[in-house]
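Shown next, in structure tokens, is the structure this report addresses.
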Amino acid sequence: MKDTRLEKILLERMFMEVYCHFHPLSALRRGLFRKGAMPASMLSSLPSGSRVVVTGLVIFFHTPPTRSGKRIIFATLEDETGLFDSVIMPNVQERWGKVIYTSEILTIEGRLLKQGKNGKSLSIKAIRVIPGLSGSIKEVSYALRQPISENP
Amino acid sequence: MSKQNFVNLDVTSAYSFLYGTFSPGALVKRARGLGQEAVALTDIWNTWGVARFYRCCLKEGMQPIVGARIELEGAGWVVLLAKDLSDYSNICRIISAGLAGQKNTKRPPSPFPLKKVEGLGKGIVCLCGCHGSLLRKQASKGRMDACKRRILLLERIFGEGNLYISLQQNVPSDRDANLLFMEISRKLGLGAVALNHTAYLERGDFQVHKILVEVQRRHHHRDIRPLPNDSFFLLSKEQMSRKMEIQEAIPASGEIARMCSGFSFPKGRLHPPRFRKKEEAERILARRALKCLARKGTLTPFSYITALDRELETVRKKGLCDFFLLVNELCLFARKRGIRHSIRGSAAGSLLVHLLHGGPDPIKHGLLFERFINDGRNDLPDIDIDFDSERRDEVTGWLIKRFSPAAATYGTGYSGERMQAALVSTVHTMRVRGAVRLAARAMGYPLKEIDRLSRCLPWSLRGIPLLEAIERLPELKDSPLRHEEALLCVAASMEGLPFQASVHLGGVILVPDHINNWSPVFPSRKGFPVAQLDKDDVDILGLLKLDLLGLRMHTAIKKAMEVLTQEGVSIDMDHLPLDDKRTFDLLCSGNTLGVFQIESSGQRNLVGRLQPRCFDDIVIEISLFRPGPVKSDMVNRFIKRRDGAEETDILHECLSDILSPTCGVIVFQEQVLRIVHRFAGFSYSDADAFRRAMTKDRSKGEMGRLKAAFMERAKRMGRDRALSELVFERIAAFAAYGFCKAHAVSFSHITWQSAWLKAHQPIAFYIGLLNAGHVGSYPPFVILNEARRAGIKTLPPHVNVSGWEYRRKGHGIRVPLHVIRGIGIEGARKIVSERQKGGRFRSWEDFFSRIRLSRAARYGIIFSGALSGLPVDTSPYSSFHERYAA
């Protein structure tokens with residue numbers, strides 16, 4: 001393994017409960033940029049409705065009861081620049097449910113939703129999950145050296 | 001009950017954990033379906049299901065027969081049944097004594113000495129010779145004399161006419177045993193009763209019983225066998241007639257049921273133990289309250305005096321002075337020990353509570369005492385108190401000791417010593433993922449296969465049956481579990497069954513007499529007596545429960561304050577300015593990870609949209625983020641109106657001051673009370689009854705009745721009919737979703753304290769959060785990542801500088817040793833104490849020679865970098881591994 005940052009991250013993940021040096025995604029950022037995934041901090045500068053690709057460490061899922069009775073997953077993800085939330089509707093769950101629930105890192109493509117007077121409240125409505133860039137840290141780091149098919 | 005009816009008297013439900021397969025409710029329904037008028041519940045060494053069973057029986061019009069199945073020394077398993085409440089108390093005492101001597105609470109108690117039952121057994125109906133008992137084993141071997149001797153001994157203990165010999169017909173050897181028992185019964189003039197030990201309701205559930213017992217064997221390592229065949233189900237009279245050869249023993253069950261018909265729990269809610277005379281309590285309470293009011297400020301406004309007078313009068317009328325003084329004593333104890341605490345719930349709306357126990361000023365915040373106590377409520381009010389979770393046990397211990405001085409030696413609790421307080425227990429039920437994994441393990445699946453099968457399976461399915469979820473949930477679409485039909489069926493039957501009991505997080509019950517009159521008790525790990533009642537049972541029995549809850553945010557704030565104190569910074573957290581700009585800026589940014597109540601993704605989103613600019617905005621924010629308001633679109637309506645995108649509709653000028661703070665949206669329950677009071681002239685107690693009725697039963701009939709009452713009163717007030725209808729509609733739409741403002745204000749204070757700390761003292765705030773255990777929804781690594789993003793250095797653990805908690809190091813946080821996998825808190829303490837004793841570790845060899853660690857911990861220490869900078873005595877990594885990590 002040549003990437004020392006990645007090596008450190010993998011060691012910390014294996015032997016510690018916290019990341020002491022840097023966020024795992026910071027070690028993957030260059031590759032993620034190449035694949036079009038942007039950091040969460042950039043989202044605030046984009047207009048609402050923009051199509052974005054983001055990658056985050058899965059923190060937790062929340063499926064509260066909804067008015068329509070549909071099961072909507074609210075996923076809280078984190079990259080090196082901050083936390084962000086994603087709304088995963090039933091049609092996306094239907095296709096990528098297994099990837100969503102078994103990935104440590106999740107890459108989603110979706111539309112940016114900005115709410116509130118100053119647009120301070122951000123979330124991403126997922127259109128699709130990119131399975132090639134989702135999985136464990138090791139899997140994603142490996143995938144970043146591979147071309148990702150357009151239609152996974 | 002007809003004379004010839006058959007009653008099942010030996011019934012073990014799912015509360016005989018991992019043995020019975022049905023709930024008490026299902027039992028009552030099934031017995032009713034079989035045309036029976038009575039049924040017994042006799043769980044193994046416990047009465048956990050009794051309160052529910054009692055309620056279900058009353059609902060279905062059945063006679064409840066309560067008791068327990070216990071094992072006696074020399075006689076084996078017997079069924080004890082209560083004829084009345086005093087017998088029930090004695091059964092509770094016997095169970096308590098049996099459980100008190102138990103070393104391992106996970107295992108059933110060893111057989112209880114007969115000697116200890118003497119004095120308690122008189123009057124209890126005892127059915128001996130049950131399935132699995134020593135007596136039955138001896139009888140099947142034809143040992144008449146031995147059986148006779150023991151039966152005579154039992155008769156002496158339980159009294160003449162109370163001992164019955166049970167005849168059962170489940171295995172071939174039962175025939176010989178039954179004949180011998182019949183002979184003994186005729187010779188000694190004792191009754192014989194036909195029984196069928198029941199562990200499942202229908203024959204087909206035998207498989208589930210077998211799996212449950214296998215779970216006991218594999219999960220709890222218990223030496224237990226399942227029942228020998230599928231005949232141990234609930235029988236009808238006809239089935240019993242066909243099964244039992246000795247027909248004359250069948251009617252005896254009906255006779256026993258009639259003997260037990262005197263049992264019932266006392267109705268109505270009871271009062272807590274009294275420890276003063278009524279007049280004395282009233283005088284002390286009034287004096288204390290006035291003293292606190294006088295201490296409050298320079299000149300007491302008249303509104304405070306009238307409010308206090310009104311509250312004291314209500315409390316006096318309801319005879320609650322003792323209860324208030326008890327809570328006051330609790331809070332004084334906590335204050336004296338420096339234990340952070342706060343009042344939650346509707347109690348925060350009382351000036352009396354504010355003066356005696358602290359919390360928000362109800363008059364300043366416009367809270368209503370009547371939401372807490374009013375003349376129309378007959379139940380005892382709840383005063384819920386949150387304590388620093390690390391130190392809550394000190395308060396619980398004080399309360400238990402105060403009302404149960406015998407708690408320390410309650411193994412002999414039935415000797416008559418006072419025991420009026422015990423902890424409430426909680427019964428864990430099996431959730432879907434746990435049920436699948438346990439069933440798979442019991443069915444012999446290898447662990448790897450179990451992991452594969454349960455991958456993607458959520459912990460809970462929110463009410464969707466497992467078999468349906470497998471078809472519906474997309475993440476289970478390709479699950480290998482779909483092909484495991486047998487496993488799925490068993491797991492579906494196990495889901496929702498009680499799995500094990502433990503101690504409730506903060507509930508303490510106080511009874512007016514002796515705790516064993518209500519329930520058996522067992523020792524908690526910390527040595528407190530725990531009643532076999534969960535929180536719902538306490539309500540069913542009408543007992544007083546105090547909720548001494550642990551709030552980790554209090555712990556986090558305390559830990560943060562400790563960091564600041566070490567640096568010489570002193571902050572009065574209870575009197576922070578409520579208009580601090582930096583704190584509001586933080587809230588508006590939505591960067592509220594770690595801030596009490598507003599850190600979840602939804603809350604962060606809402607707080608970003610709301611842009612709070614005053615303390616009341618935080619109160620509204622906390623109240624709005626509930627499933628009801630979110631579902632009913634109250635949130636969007638409020639935000640639109642606040643932002644001027646929608647017009648605020650106040651309905652009538654007399655409601656202006658009530659509705660304008662929330663832009664015409666009814667957010668708080670207190671608003672409903674005020675509207676109904678002012679618009680329709682209801683008294684506050686009637687208004688509260690109106691609100692509660694509207695929340696509980698929203699059927700068309702009930703709503704129509706409430707509307708008629710509202711319209712009638714509004715007419716008397718001279719209100720316009722169309723307007724009255726509009727006001728009622730508005731109340732009806734929102735009343736069910738309204739939130740208690742007193743509770744929201746109380747929580748908002750803690751939100752403000754945590755947000756203030758995050759805004760002004762971020763390092764101390766993060767250290768507090770990290771050292772307080774699991775606070776809120778985020779794991780420690782997310783909090784540490786957030787601290788790093790805030791520009792705070794995060795320093796890795798090191799054996800020579802890290803402690804066993806997170807510490808401040810300049811403008812950074814030093815990570816403790818326990819985050820290294822395999823070390824844990826104990827390991828970290830060991831390393832720190834060795835360092836303090838023997839000095840810093842000089843080399844790797846020095847460290848490993850002084851600290852003995854497991855192989856995994858040794859790897860953790862090496863690869864986490866906790867030894868970095870120390871000289872390695874043997875140079876190459878690999879050879880080092882051979883020496884230390886191998």
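Just the heavy atoms: all of them, side chains too, but no hydrogens, waters or symmetry mates, feed the values below. Computed from a predicted structure; not experimentally measured. Within every chain, numbering begins at 1; the chains are lettered A, B, ... in the order of the sequence lines, protein sequences first and strands thereafter.
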>> At under 4.5 Å between heavy atoms, what parts of residues 83-90 of chain A are in contact with chain B? List them by residue number.
In response: A:Leu83, A:Asp85
Per-residue contact mode, [X] against chain B (heavy atom under 4.5 angstrom):
{"X": "A:Asp79", "value": "backbone"}
{"X": "A:Glu12", "value": "neither"}
{"X": "A:Phe15", "value": "both"}

> Relative to chain A, which of B:Ile861, B:Leu606, B:Leu476, B:Thr794 shows the most heavy atom pairs under 4.5 Å?
Replying inline: B:Thr794
> In terms of heavy-atom pairs under 4.5 Å with chain A, which of B:Asn785, B:Ile783, B:Leu784 leads?
Replying inline: B:Asn785
On a heavy-atom basis, which atom in [X] and which in [Y] lie closest, and how many Å separate them?
{"X": "A:Leu122", "Y": "B:Asn605", "result": "O-ND2, 4.3 Å"}
{"X": "A:Leu11", "Y": "B:Phe863", "result": "CD2-CD2, 4.0 Å"}
{"X": "A:Glu17", "Y": "B:Arg821", "result": "CG-NH1, 3.9 Å"}

Pick from [options] with the largest number of heavy-atom pairs that fall under 4.5 Å of chain B:
{"options": "A:Ile100, A:Leu57, A:Thr81", "answer": "A:Thr81"}
{"options": "A:Ser123, A:Gly82, A:Ala75, A:Cys20", "answer": "A:Cys20"}
{"options": "A:Glu80, A:Lys98, A:Met14, A:Arg71", "answer": "A:Arg71"}

Sub-4.5 Å side-chain heavy-atom contact between [X] and [Y]:
{"X": "A:Gln115", "Y": "B:Ile639", "result": "no"}
{"X": "A:Tyr19", "Y": "B:Arg788", "result": "yes"}
{"X": "A:Ile59", "Y": "B:Phe781", "result": "yes"}
{"X": "B:Arg789", "Y": "A:Glu78", "result": "yes"}

Side chain / backbone / both / neither for [X] at chain A, heavy atoms under 4.5 Å:
{"X": "B:Val782", "result": "both"}
{"X": "B:Leu593", "result": "side chain"}
{"X": "B:Ser777", "result": "both"}

>> Restricting to salt bridge (Lys or Arg N to Asp or Glu O under 4.0 Å), what partner residues turn up for A:Arg51, sequence neighbours left out?
In response: A:Glu109
>> Checking A:Thr76 against B:Arg604 for the side chain to side chain contact (heavy atoms under 4.5 Å, CB included) test, could you report, in this order, the C-alpha distance in whole Å, the side-chain angles of both residues, the deciding distance, and whether it holds?
In response: CA-CA 11 Å; A:Thr76 298; B:Arg604 280 187 284 111; 3.8 Å; yes
> Under 6.0 Å from the CZ atom of B:Arg433, do we count more than 12 heavy atoms belonging to anything else shown?
Replying inline: yes
> Say you draw a straight line from NZ of B:Lys793 to NE2 of A:His21; how long is it, rounded to the nearest 0.5 Å?
Replying inline: 11.5 Å
> Do the ring planes of B:Tyr778 and A:Phe60 sit parallel (below 30°), tilted (30 to 60°) or perpendicular (above 60°)?
Replying inline: tilted
